[in-house]
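All figures in this text were calculated on a predicted structure; none of them were measured in a lab. Note that ligands are numbered from 1 as they come in the structure, with each ligand's atoms numbered from 1 the same way.
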Amino acid sequence: MVKRISLLGATGSIGIQTLDIIKEHPDQFQLVAFSAGKNIETTKQIIRDFAVPLVSVLSEEDAIQLGKEFPQIEIVFGDHGLVQVAAHADADVLVNAVLGSVGLRPTLEAIKQGITIAIANKETLVTAGHLVMKAAKEYNVPILPVDSEHSALFQAMNGEKRSEIAKLIITASGGSFRDRTRDELKNVTVQDALNHPNWSMGSKITIDSATMMNKGLEVIEAKVLFDIAYDDIEVLLHRESIIHSMVEFQDTSVIAQLGTPDMRVPIQYALSYPERLTRQNAPRLNLAQIGKLNFEEMDYTRYHALKLAIDAGRAGGTMTTVLNAANEAAVSLFLQQKIGFLTIDELIERAMNEHENLSDPDLETILHVDAKTRNSVENMVK
Ligand code: NDP
Ligand code: MG
């Protein structure tokens, strides 16, 4: 049976690689709707490559323009457009590869339609993971990880009992600045930060990798997806990004998932699950050629953002919403060269300190705290 896919963030790094997988397996997958943001040239190319009935873009202006060029398809826009794509009546699986907590509402709406969620959009799980998992349980919808570490954990614990798990070991490459001390980070440029040693990704997550916030978001993501206590989630520096993560069991056995650093592998697994499909012409892992894998203990002082994230996760409530919104706002300011690299952590910490935590927040509270936090971070630098 062909799986019908709706895709949020089709013009992004994960989005384009998802389209590659759909193209590689036309007998397995069919794209039924997608969203883009501002990249209209790529949007047009995707419309030409895939006959889809529904497309969403960020602005109304672009939607009107595209509607004239492609009168045979429905073009929608904005936050509501994301919901229309995500919850498309024909979709079996939503690949959520949009950037940021803007992915929350569409995810919840797709779950209500009984659509399986393949989630790359970790900000949604950080900002309101409890709402996503509660809805998934209520509507009996699988939430399948796309993030490489979580795909690895998911594969390693496949078929194992949750009570037999001792801990999760999430690996981290260290990002663009792993060979610099914290003092040496003061004057780094956006260009330096965007230069990731192992992975080619969108700019926001590349900055998150350099600050190590990405790993912090991933610890929270793991807590949300697998319901493992923070005490039992460990982060391990592993510069080669070959072991994507591991699960240690109560009997001391450790199961790891390995592979070349290629996001198409976890994307495809989330789409094909519970089956595995062939990847034609994909490079195979050659351990003899790699020779050596390195591991180092994580330094929580050097990588302050990771500590902030774990603190927020342990605090729970709206604190992870604040962490995520403050990080999104601060990274955007850094990318616009309005703040220095180390100011990212400072702004997040300040936002967290100023926040009065609210437990078990509903959607309205989450959206309110998210907007308020972005605002206050922007005001901090004015
Ligand atoms: P990109 O920046 O490359 O792509 C983001 C996508 O979202 C683009 O299609 C962009 O549109 C769209 N978009 C951004 N903002 C909005 C908005 N406000 N409304 C509608 N659409 C919007 O990001 P990545 O692909 O790198 O990352 C996507 C998600 O996947 C993130 O949550 C990231 O953490 C996660 N992830 C990414 C990995 C990677 O390898 N890249 C690995 C693991 C997780 P446009 O470009 O047209 O403006
Ligand atoms: Mg990851």
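- Between V52 and F34, the closest heavy-atom pair is CG2-CE2, 3.7 Å.
- Contacts with ligand 1 closer than 4.0 Å are made by heavy atoms of both the backbone and the side chain of A120.
- Of the N and O atoms on the side chains of R105 and T124, not one donor lies less than 3.5 Å from an acceptor on the other residue.
- Here the side chain of R264 pairs no donor or acceptor atom with the backbone of I21 at under 3.5 angstrom.
- Atoms of ligand 1 lying under 4.0 Å from at least one heavy atom of L58, given by number and element, are 17 (C), 18 (N), 19 (N), 20 (C).
- Residue contacts with ligand 1: T11 is placed with a nitrogen or oxygen under 3.5 Å of a nitrogen or oxygen of the ligand (distance criterion only).
- Ranking the protein heavy atoms by distance from atom 7 (O) of ligand 1 puts L99 N, 3.5 Å first.
- Counting only protein atoms, the N, O or S atoms lying less than 2.8 Å from the Mg ion (ligand 2) are D147 OD1, E149 OE1, E218 OE2, ordered by chain and residue number.
- Protein heavy atom in closest approach to atom 43 (C) of ligand 1: D147 OD1, 3.2 Å.
- Every atom of ligand 1 is numbered from 1 in the order shown, and the set under 4.0 Å from a heavy atom of I14 is 25 (O), 30 (O), 37 (C), 38 (C), 39 (C), 40 (O), 41 (N), 42 (C).
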Requested in this report: Please lay out, stage by stage, how E24 and R279 fare under the test salt bridge (charged side-chain N to carboxylate O under 4.0 Å, His left out).
Outcome: CA-CA 8 Å; E24 277 178 32; R279 291 218 51 233; 3.3 Å; yes

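- For the side-chain hydrogen bond (donor to acceptor under 3.5 Å, both in side chains) criterion with N121, the lone passing option out of T107, D147, N96 is N96.
- Proximity to N121 (heavy-atom distance under 4.0 Å) selects the following atoms of ligand 1: 32 (O).
- Contact between A97 and ligand 1 is present, with at least one heavy atom of the residue lying under 4.0 Å from the ligand.
- Taking any N or O of K38, backbone or side chain, at least one lies under 3.5 Å from an N or O belonging to ligand 1.
- Proximity to G9 (heavy-atom distance under 4.0 Å) selects the following atoms of ligand 1: 6 (C), 7 (O), 9 (O).
- For ligand 1, the atoms lying closer than 4.0 Å to a non-hydrogen atom of N39 are 45 (P), 47 (O), 48 (O).
- Geometrically, ligand 1 and S13 share a nitrogen or oxygen pair separated by less than 3.5 Å.
- When only modelled atom types and interatomic distance are considered, E240 and N198 share no side-chain donor-acceptor pair under 3.5 Å.
- Under the 3.5 Å distance criterion, with hydrogens and angles disregarded, a donor-acceptor pair is assigned to the side chains of E349 and H304.
- Under the 3.5 Å distance criterion, with hydrogens and angles disregarded, a donor-acceptor pair is assigned to the side chains of D49 and Q45.
- The backbone N or O of I205 lies less than 3.5 Å from a partner atom in the side chain of S209, making a donor-acceptor pair.
- For ligand 1, the polar-atom distance check finds an N/O of E123 within less than 3.5 Å of one of the ligand's N/O atoms.
- Of all atoms in ligand 1, listed by their number and element, those nearer than 4.0 Å to a heavy atom of G202 are 3 (O), 26 (O), 41 (N).
- At a heavy-atom cutoff of 4.0 Å, ligand 1 is contacted by both the backbone and the side chain of V98.
- Nearest to atom 36 (N) of ligand 1 among the protein's heavy atoms is I205 CD1, 3.6 Å.
- Close approach of ligand 1 to G12 (heavy-atom distance below 4.0 Å) involves ligand atoms 1 (P), 3 (O), 4 (O), 8 (C), 9 (O), 25 (O).
- Here the rule is side-chain contact (heavy atoms from CB on, under 4.5 Å) with L144, and of I117, V93, T116 only T116 fits it.
- Through direct or relayed side-chain contacts under 4.5 Å between Ile, Leu, Val, Met, Phe, Trp and Tyr, L285 connects to I169, L236, I242, I243, M246, V254, L258, L287, I290, L293, F295.
- Rounded to the nearest 0.5 Å, atoms CG (L335) and OG (S203) are 5.0 Å apart.
- Of the N and O atoms on the side chains of T318 and H355, at least one donor lies less than 3.5 Å from an acceptor on the other residue.
- At a 3.5 angstrom cut-off on N or O pairs, G37 counts as close to ligand 1.
- A donor-acceptor contact closer than 3.5 angstrom links the side chains of H25 and Q268.
- Although no hydrogens or angles enter the test, the distance criterion places no donor-acceptor pair under 3.5 Å between the side chain of S148 and the main chain of H244.
- Residue-ligand proximity, K122 to ligand 1, at heavy-atom distances under 4.0 Å covers atoms 32 (O), 34 (O), 44 (C).
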